[in-house]
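Below is one structure, written out as structure tokens; comments come after it.
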Amino acid sequence: MSTERGTRAWIEVQAAAVRRNLRRVGEALGEGHVLIPMVKADGYGLGLERVVRALEPAEPWGYGVATVEEGRRIRALGIESPVLVVSPLPPGSYAPAVEEELTVSLSDFTGLRRLEEEAGALGMRASFHVEVDTGMGRAGFDWRESPQWGPVVAAAHDRQLRWTGCFTHLHSADLSDPSSMRVQWDRFQDALRALQLPGEDFLIHVPNSAGALRGTGTFPFRGARPGIFLYGGSAGEGLPAPEPVASLRARVVFLKDAPPGTTLGYGATYASLGWERWATLAVGYGDGLPRALGNRGSVLLKGKRVPVVGRVSMDLTVVNISSLDGVEVGDVATLLGEEGGERITVDEVAELAGTISYEILTGLTSRLPRVWLDDGGD
Ligand SMILES: *Cc1c(COP(=O)(O)O)cnc(C)c1O
């Protein structure tokens, strides 16, 4: 499982694992639910087109993106199922959204008017979902004001537009305490009660990965929008672990026997304690490896954990391999993922870096080739 010896560092992605993780979300929700896998930010950094191709056999209801350009890339694959842009659009993006037949999420009257105008100008009927803000605050019509905006939105359905869905977004479903989720669900339900929803082909969708894996409770949504779990990130406290998806590998490009007191890296933040053997890996923060792993992180080499020493630099990272035998230039180290029964999860790296798995995955830069593997499984 390696790429050409000329490749310095790369990401291996297991397509079937993405698919299986989606199916597990579907199983947690049970019969009668539909899935809108979120493939925004280039499929959480792994490659939007490949993620969509990996998921197509699972026949999701549609896909969720953050931008019109991401939606266009899905359409370019020949996908005809709904593509929902979940973020509010900048003013110039409504026309291309309509042309690509994307479903726009509306958060205010300004967006509603723009969408109606652009659809009218193009002579097309555009679809939209309404986002209801129940506590996220960053987008959506306020749940308390549904009696005011509800009739205006409903009236638009009869003209140039088709109102095909309604959703809200949970802010703390990753925490095991369900109280904030209940509050948001109650608010959403209050809003829904005040609305005249168009009848058929209307989708109400609520949970992200965490909310979906915590189960449906008594709340009447049909759709879920899972993201991080599909890509191998933990969805939250007390939830089952996903199947790992991405591995970051890098080659050893230099070996050094360091006499006692040899300094290492920018700032010389490390010096060898006695005689040490160091291996320089061809990966750094320019690839998205968090700089915070300097003197803190670890790496798998020859199936064993070895510590990162000194600061991570843009292109190179050094590990202390004094405990290992037989390491050679050209050997492959694993910075994220599995090797020889050991595993470094994206959540472990995120924790060390003081961030979340989402930021680690979406921060992997384009310098790393994405090498997609598919075991053909469901
Ligand atoms: C990103 C996003 C999701 C997916 O969330 P995960 O925590 O990655 O499962 C769902 N809904 C909206 C609106 C989002 O922006």
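All values below were derived from every heavy atom in this structure, side-chain atoms included, with hydrogens, water molecules and symmetry-related copies excluded. Counting starts at 1 for both ligands and their atoms, following the listed order.
Listed by first and then second residue, the ring pair (Phe, Tyr, Trp, His ring centres under 6.0 Å) pairs that reach into residues 229-285 are Tyr44-Tyr231, sequence neighbours excluded.
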Contacts table for residues 98-107: side-chain donor-acceptor under 3.5 angstrom, sequence neighbours left out:
unit_1, atom_1, unit_2, atom_2, d
Ser105, OG, Val85, O, 2.6
Ser107, OG, Gly140, N, 2.8

Let me check something: any side-chain donor-acceptor pairs from residues 51-59 under 3.5 Å, sequence neighbours excluded? List them with distances.
unit_1, atom_1, unit_2, atom_2, d
Glu56, OE2, Tyr63, OH, 2.5

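In this pair, His205 and His129 present their aromatic rings tilted. The plane angle is within the 30 to 60° band.
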Give every pair made of an N or O atom of ligand 1 and a protein N or O atom lying under 3.5 Å apart, one pair per line with both atom names and the distance to 0.1 Å, or write 'none'.
unit_1, atom_1, unit_2, atom_2, d
ligand 1, 7 (O), Tyr358, OH, 2.6
ligand 1, 8 (O), Tyr44, OH, 2.5
ligand 1, 8 (O), Ile228, N, 2.8
ligand 1, 9 (O), Ser209, N, 2.8
ligand 1, 9 (O), Ser209, OG, 2.5
ligand 1, 9 (O), Gly227, N, 2.8
ligand 1, 11 (N), His169, ND1, 3.3
ligand 1, 11 (N), Arg225, NE, 2.8
ligand 1, 11 (N), Arg225, NH2, 3.3
ligand 1, 15 (O), Lys40, NZ, 2.6
ligand 1, 15 (O), Arg138, NH2, 3.4

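Side chains of Thr168 and Phe221 form no contact here, defined as non-hydrogen atoms less than 4.5 Å apart. Using a 4.5 Å cut-off on side-chain heavy atoms (C-beta onward), Arg225 and His169 make contact.
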